[in-house]
Amino acid sequence: MPKTRSAATPRPSAAGAAAATATAKISFRSRKIVKTPPAKPLTVITVPPPAPIPPALPALSAPGELAAALRHLSAVDPLLSAVIASTDAPAFTSTPSIPAFHSLARSILYQQLATSAAAAIYARFLALLPSTPAVGPDPAVSPAGVLALAAADLRAIGVSGRKAAYLHDLAARFAAGDLSESSVAAMDEDALLAQLTKVKGIGEWTVHMFMIFSLHRPDVLPSGDLGVRKGVQELYKLKALPKPEEMAGLCDRWRPYRSVGAWYMWRLLESKGAAAKKAKKGNASA
């Protein structure tokens with residue numbers, strides 16, 4: 001009887017054997033568990049509410065406001081109090097009131113000129129404009145009226161070509177609505193300074209003078225004005241002329257009536273000059 005060959009057990013292929021060997025060599029390590037620390041509670045930052053904006057003070061021409069300013073300045077600064085006591089009080093009158101545009105145009109005309117020469121040019125400037133009614137301070141000084149004047153017309157009365165361009169730029173901004181009588185009256189000092197210095201020919205000094213003498217704002221410090229700086233130097237007997245950036249600290253006690261304090265610095269400087277002139281005259285006669 002022929003022998004039957006039993007079914008041979010299949011041998012693994014070479015690739016299979018290699019895979020099996022590799023599997024056998026892999027060691028299984030326990031997985032490291034990283035513990036995440038608990039999240040810190042969120043810190044709630046409490047933002048304090050913005051400080052309330054202090055109410056705008058009345059103009060110095062308002063009834064009783066100048067008297068309040070003099071009482072305040074006399075109380076907070078003994079040195080200034082002596083100047084106030086020996087000097088006639090300022091006069092900030094509300095009538096007749098000149099509109100903002102008119103006042104700014106006049107300021108441009110008066111820039112860098114002797115008072116007499118500027119007054120003559122200003123009178124000729126008014127004569128160029130349409131006739132004005134008897135009531136009111138030259139209401140025809142308007143943006144439209146100034147824009148109607150040619151640069152040649154202005155040069156013919158002594159206005160430089162540059163100032164003519166300044167006047168036209170001011171008039172154009174009022175005519176376009178960028179500036180207006182109501183907006184000028186409503187803006188605070190910082191905003192007004194930022195807006196008016198955009199006008200060609202109007203700088204910080206001009207804006208400060210406008211705010212003090214036209215708008216009668218009570219708390220304006222013209223820290224760049226040489227007369228005010230010399231007055232402060234004389235008042236506090238400083239060895240050196242205070243720099244504009246130092247003026248804020250020196251005059252901080254005058255708040256909120258720094259405009260009036262500045263006015264007295266001009267008067268103090270004038271009285272010093274008058275006294276020096278008198279003494280010189282006396283020495284000469286002796």
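Positions are given from 1, in the same order as the sequence printed here. Because only heavy atoms are used, hydrogens play no part in the values below, and waters and symmetry mates are left out as well, while side chains stay in.
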Any side-chain to backbone donor/acceptor pair from [X] onto [Y]? Under 3.5 Å, distance only.
{"X": "Glu204", "Y": "Thr197", "answer": "no"}
{"X": "Ser86", "Y": "Val83", "answer": "yes"}
{"X": "His208", "Y": "Leu193", "answer": "no"}
{"X": "Ser271", "Y": "Leu268", "answer": "yes"}
{"X": "Ser107", "Y": "Ser103", "answer": "yes"}
{"X": "Ser259", "Y": "Val220", "answer": "yes"}
{"X": "His72", "Y": "Arg255", "answer": "yes"}

Tell me if the [atom1] atom of [X] is crowded by more than 12 foreign heavy atoms within 6.0 Å.
{"X": "Glu245", "atom1": "CD", "value": "yes"}
{"X": "Asp88", "atom1": "CG", "value": "no"}
{"X": "Lys163", "atom1": "NZ", "value": "yes"}

Legend entry - side-chain hydrogen bond (donor to acceptor under 3.5 Å, both in side chains): pairs with one or both residues in residues 217-226, sequence neighbours excluded: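 Residue pairs passing side-chain hydrogen bond (donor to acceptor under 3.5 Å, both in side chains), neighbours aside: Glu189-Arg217, Trp205-Asp225, Asp219-Arg258, Asp225-Trp266.
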
Inset, instruction - Could you check Asp169, Asp178, Val207 and say which one makes a side chain to side chain contact (heavy atoms under 4.5 Å, CB included) with Val199? - result: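 Going through Asp169, Asp178, Val207 one by one, the side chain to side chain contact (heavy atoms under 4.5 Å, CB included) with Val199 is satisfied by Asp169 alone.
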
Which heavy atom of [X] sits nearest to which heavy atom of [Y], and what is that distance?
{"X": "Ser61", "Y": "His216", "result": "OG-ND1, 3.0 Å"}
{"X": "Trp254", "Y": "Leu235", "result": "CZ2-CD2, 4.0 Å"}
{"X": "Ala172", "Y": "Leu147", "result": "N-CD2, 4.0 Å"}
{"X": "Val232", "Y": "Pro242", "result": "CG1-CG, 4.2 Å"}

Would you say the side chain of [Y] lies within less than 4.5 Å of the side chain of [X], judging by non-hydrogen atoms?
{"X": "Phe210", "Y": "Ile202", "answer": "no"}
{"X": "Tyr257", "Y": "Leu70", "answer": "no"}
{"X": "Val141", "Y": "Ile98", "answer": "no"}

Inset, instruction - Could you check Thr206 against Leu196 for side-chain contact (heavy atoms from CB on, under 4.5 Å), going step by step and ending with a plain yes or no? - result: CA-CA 9 Å; Thr206 299; Leu196 290 183; over 6 Å; no

